[in-house]
Amino acid sequence: MKNDYRETVEYLLHWYDLNARILEWRSNPKPYYVWISEIMLQQTRVEAVKSYFDRFIKELPTIKDLAAVEEDRLMKLWEGLGYYNRARNLKKAAIIVMEQYNGELPANREELKKLPGIGSYTSGAIGSIAFQLPVAAVDGNVLRVMKRIAGSFDDITKEKVKKELEEDIEAIIPKDRPGDYNQSLMELGATVCLPNGKPLCNQCPVMHLCKAFHNGDELKIPVKPKKKERVIEEKTVLVMECAGYYAIRKRTEKGLLHGLWELPNIEGKLSINQMEETIKTLAPYAKVERKLGEAKHIFSHKEWHMIGYYIKVERIEDVPIPELIWVDNQSIRKDYSLPTAFEAYRKELN
DNA sequence: AACTCGGGGCC
DNA sequence: GGCCCAGAGTT
């Protein structure tokens, strides 16, 4: 279904001029800054990104620096932000930009989209904000705002709906300020046209154009189907300590949190008796000192339900588990990316 | 078209 | 306890 959003342009741009938040990557929209910020902002709120962005740019001020950064350093810069493939793809793309684009991002949406980690939204965002290309940048905010304005009950998780919206936007996007128009839609979605049933319609610069508001449907839109339940995984986490050093290991190559570090852990929740039996076979001279509390960590699609044990080891040689490395707490904090999922047990390290 | 991939903030 | 967030890549 085609929608005409032409009338929104003047109101949204004017509102954006008065209400845009001051953000580092907005004040200085160099392609590299816009790129890094847009990747960080994928599925991530502005407030969470700010400090990561500043640190990242300070550490890796140019695409050349990013292309050369060491994997562990990169993961450390991303630690806690989540979706770690975003960071790996940044580096991959930076190498391609150095080798194929003379060190500068291409000012072309299709070329941008070829780079790892840059899809339809991000290519539109970088294209319009950094290069003033008249292209749409449709994210969750834009879908919500536009479907409310149109009074549309389309299922916004459908790819076709997103594609049609891109076309509708590109039909009316102002050629002199495409990046500002896209950002005005996102800014409105983030600060006024809020999700979860609390839009601030009385503050909205386009409420007179909004069919959802007119019809009293603003809480029913956007339409999304329900998500399926998360899978629950039970784990027993071991805090193994030897003279102030703690055992950690690198997670396997693929899948959840791959390539990051973790506290050693076993499938299933072991009772203290089971733990004592198990430790005999793993490390005969280790002692189960005490039970730690239970903890839960929720990912998008699974939950870890964990129990922990504090295990004391007299000599590292007594633990014949080759994949473990033994590191003091200060080094872990400085050099090893230990995901937030282990936070409850990480507190035991000192 | 469905699944995987993090973490946090807000109700 | 559930929702959603300036989504992209893989299957």
Side-chain angles (χ1 to χ4, degrees), chain A residues 20-21 23 25-26 29 33-53 75 78-90 92-93 112-130 136-146 155-163 166 179-191 193-199 219 222-232 251 254-260 262 296-304 337-343:
Chain A
R21 289 169 290 182
L23 304 170
W25 53 90
R26 258 183 200 163
Y33 290 2
V34 174
W35 176 31
I36 300 302
S37 69
E38 289 301 341
I39 300 297
M40 286 185 172
L41 286 163
Q42 289 170 3
Q43 299 292 287
T44 310
R45 290 167 203 280
V46 167
E47 286 308 314
V49 165
K50 284 182 178 170
S51 61
Y52 282 90
F53 178 84
M75 287 304 112
W78 211 266
E79 181 185 6
L81 205 48
Y83 287 148
Y84 296 91
N85 273 336
R86 294 186 293 177
R88 294 180 221 280
N89 284 333
L90 269 178
K92 285 184 198 164
L112 286 167
K113 205 186 297 192
K114 289 180 190 167
L115 295 170
I118 300 184
S120 62
Y121 162 75
T122 306
S123 61
I126 298 173
S128 64
I129 298 169
V138 175
D139 71 339
N141 287 312
V142 177
L143 279 162
R144 183 174 61 258
V145 168
M146 292 307 224
D155 176 353
I156 63 164
T157 66
K158 299 293 184 191
E159 198 60 30
K160 191 178 75 160
V161 170
K162 192 167 94 177
K163 204 147 193 145
E166 287 179 355
D180 286 348
Y181 181 68
N182 283 333
Q183 291 188 88
S184 76
L185 289 170
M186 294 187 263
E187 193 80 352
L188 190 72
T191 62
C193 195
L194 300 171
N196 297 327
K198 36 177 310 189
L219 302 182
V223 174
K224 286 185 173 189
K226 286 215 159 89
K227 293 186 179 170
K228 67 169 197 176
E229 284 182 32
R230 283 188 288 264
V231 175
I232 294 172
R251 287 178 64 79
K254 293 197 168 185
L256 187 65
L257 302 173
H258 75 268
L260 279 68
E262 68 177 0
K296 179 159 70 171
H297 187 79
I298 300 173
F299 300 92
S300 337
H301 55 299
K302 50 180 77 162
E303 298 183 11
W304 284 359
S337 185
L338 195 61
T340 307
F342 295 97
E343 182 58 29

Undergrad: Among dA6(C), dC5(B), dT4(B), find the nucleotide with the atom closest to the side chain of Tyr121(A).
TA: dA6(C)
Undergrad: To the nearest Å, how far apart are Asn89(A) CG and dG9(C) P?
TA: 6 Å
Undergrad: Which value, rounded to the nearest 0.5 Å, describes the distance between Met186(A) atom CE and Cys193(A) atom SG?
TA: 14.0 Å
Undergrad: Does a salt bridge link Arg86(A) with Glu38(A), judged by any charged N lying under 4.0 Å from a carboxylate O?
TA: no
Undergrad: Rounded to whole Å, please give me the gap between CE in Met186(A) and C1' in dC5(C).
TA: 13 Å
Undergrad: For the side chain of Tyr83(A), counting heavy atoms from C-beta on, which of dC5(C), dG6(B), dA6(C) is nearest?
TA: dG6(B)
Undergrad: Using atom CG of Leu41(A) as one end and atom C1' of dG6(B) as the other, report the distance to the nearest whole Å.
TA: 15 Å
Undergrad: Taking the P atom of each, how far is dT11(C) from dG6(B), in whole Å?
TA: 15 Å
Undergrad: Please tabulate, one pair per line, each protein N/O and nucleotide N/O from nucleotides 1-3 of chain C that are separated by under 3.5 Å, including the distance.
TA:
from   : atom 1 : to        : atom 2 : distance (Å)
dC3(C) : O3'    : Asn196(A) : OD1    : 3.2

Undergrad: Any base atoms under 4.0 Å from Gly255(A), or only sugar-phosphate, or nothing? Heavy atoms, all strands.
TA: sugar-phosphate
Undergrad: Give one of base, sugar-phosphate or nothing for Leu23(A), where a contact means two heavy atoms less than 4.0 Å apart.
TA: base
Undergrad: Between dC10(B) and dA6(C), how far apart are the P atoms? Round to whole Å, please.
TA: 13 Å
Undergrad: Would you say His297(A) places a side-chain N or O within less than 4.0 Å of OP1 or OP2 belonging to dG7(B)?
TA: yes
Undergrad: For the pair Thr122(A) (side chain) and Gly119(A) (backbone), establish whether a donor and an acceptor sit closer than 3.5 Å, ignoring hydrogens and angles.
TA: no
Undergrad: Could you walk me through whether Phe299(A) and His297(A) pass ring pair (Phe, Tyr, Trp, His ring centres under 6.0 Å), step by step?
TA: CA-CA 7 Å; Phe299(A) 300 92; His297(A) 187 79; 4.7 Å; yes
Undergrad: What is the distance, rounded to the nearest whole Å, between atom CD1 of Ile39(A) and atom P of dG7(C)?
TA: 11 Å
Undergrad: May I ask you to verify if any side-chain N or O of Ser120(A) is less than 4.0 angstrom from the OP1 or OP2 atom of dG7(C)?
TA: no
Undergrad: Can you measure Tyr52(A) atom OH to dA6(C) atom P for me and round it to whole angstrom units?
TA: 17 Å
Undergrad: Would Trp78(A) and Tyr52(A) count as a close aromatic pair, with their ring centres under 6.0 Å?
TA: no
Undergrad: Taking atom OH of Tyr83(A) and atom OG1 of Thr44(A), what is their separation to the nearest 0.5 Å?
TA: 8.0 Å
Undergrad: Whole angstrom is fine here: how far is it from CH2 in Trp25(A) over to P in dA6(C)?
TA: 11 Å
Undergrad: How about Gln183(A) and Arg26(A): do any of their side-chain heavy atoms sit closer than 4.5 Å?
TA: yes
Undergrad: Nearest heavy atom decides the nucleotide; on that basis, is Ala48(A) or Lys302(A) closer to the 5' end of DNA chain B?
TA: Lys302(A)
Undergrad: Respond yes when some side-chain nitrogen or oxygen of Tyr84(A) is under 4.0 Å from OP1 or OP2 of dG7(B), and no when none is.
TA: yes
Undergrad: At less than 4.0 Å, is any side-chain N or O atom of Lys162(A) found next to OP1 or OP2 of dA1(B)? Yes or no.
TA: no
Undergrad: State which residue, out of Leu143(A), Asn182(A), Leu185(A), fulfils the side chain to side chain contact (heavy atoms under 4.5 Å, CB included) condition with Val138(A).
TA: Leu143(A)
Undergrad: Under 4.0 Å between any heavy atoms, over every strand shown, what does Arg144(A) touch: base, sugar-phosphate, or nothing? Just pick one.
TA: sugar-phosphate
Undergrad: Taking the nucleotide of DNA chain C with the closest heavy atom to each, which residue, Thr122(A) or Lys254(A), is nearer the 5' end?
TA: Thr122(A)
Undergrad: Would you kindly give the CD-to-C1' distance between Glu166(A) and dG7(C), to the nearest whole Å?
TA: 12 Å
Undergrad: Looking only at N and O atoms, is any donor in the side chain of Thr44(A) or the base of dG7(B) less than 3.5 Å from an acceptor on the other one?
TA: no
Undergrad: Identify whether any heavy atom of Thr340(A) sits under 4.0 Å from a base atom; if not, whether one sits that close to sugar-phosphate; answer base, sugar-phosphate or nothing.
TA: sugar-phosphate
Undergrad: Counting any heavy atom closer than 4.0 Å, what does Ile118(A) reach on the DNA or RNA strands: base, sugar-phosphate only, or nothing?
TA: sugar-phosphate
Undergrad: Which whole-number value in Å describes the distance from Phe342(A) CZ to dG7(B) C1'?
TA: 14 Å
Undergrad: Name the residue closer to the 5' end of DNA chain B, choosing between Lys228(A) and Lys160(A) according to the nucleotide with the nearest heavy atom.
TA: Lys160(A)
Undergrad: Base, sugar-phosphate alone, or nothing: which one does Val142(A) contact when heavy atoms must sit under 4.0 Å apart?
TA: nothing
Undergrad: Determine: side-chain N/O of Gln43(A) to OP1/OP2 of dG7(C), distance under 4.0 Å, yes or no.
TA: yes
Undergrad: Counting just side-chain N and O atoms, does Arg86(A) come under 4.0 Å of either OP1 or OP2 of dG9(C)?
TA: no
Undergrad: Is any side-chain N or O of His301(A) closer than 4.0 Å to OP1 or OP2 of dC5(B)?
TA: yes
Undergrad: Shortest non-hydrogen contact from Ala87(A) to Met75(A)?
TA: CB-CE, 3.8 Å
Undergrad: Pro195(A) side chain: which of dC4(C), dG7(C), dG6(B) is closest?
TA: dC4(C)
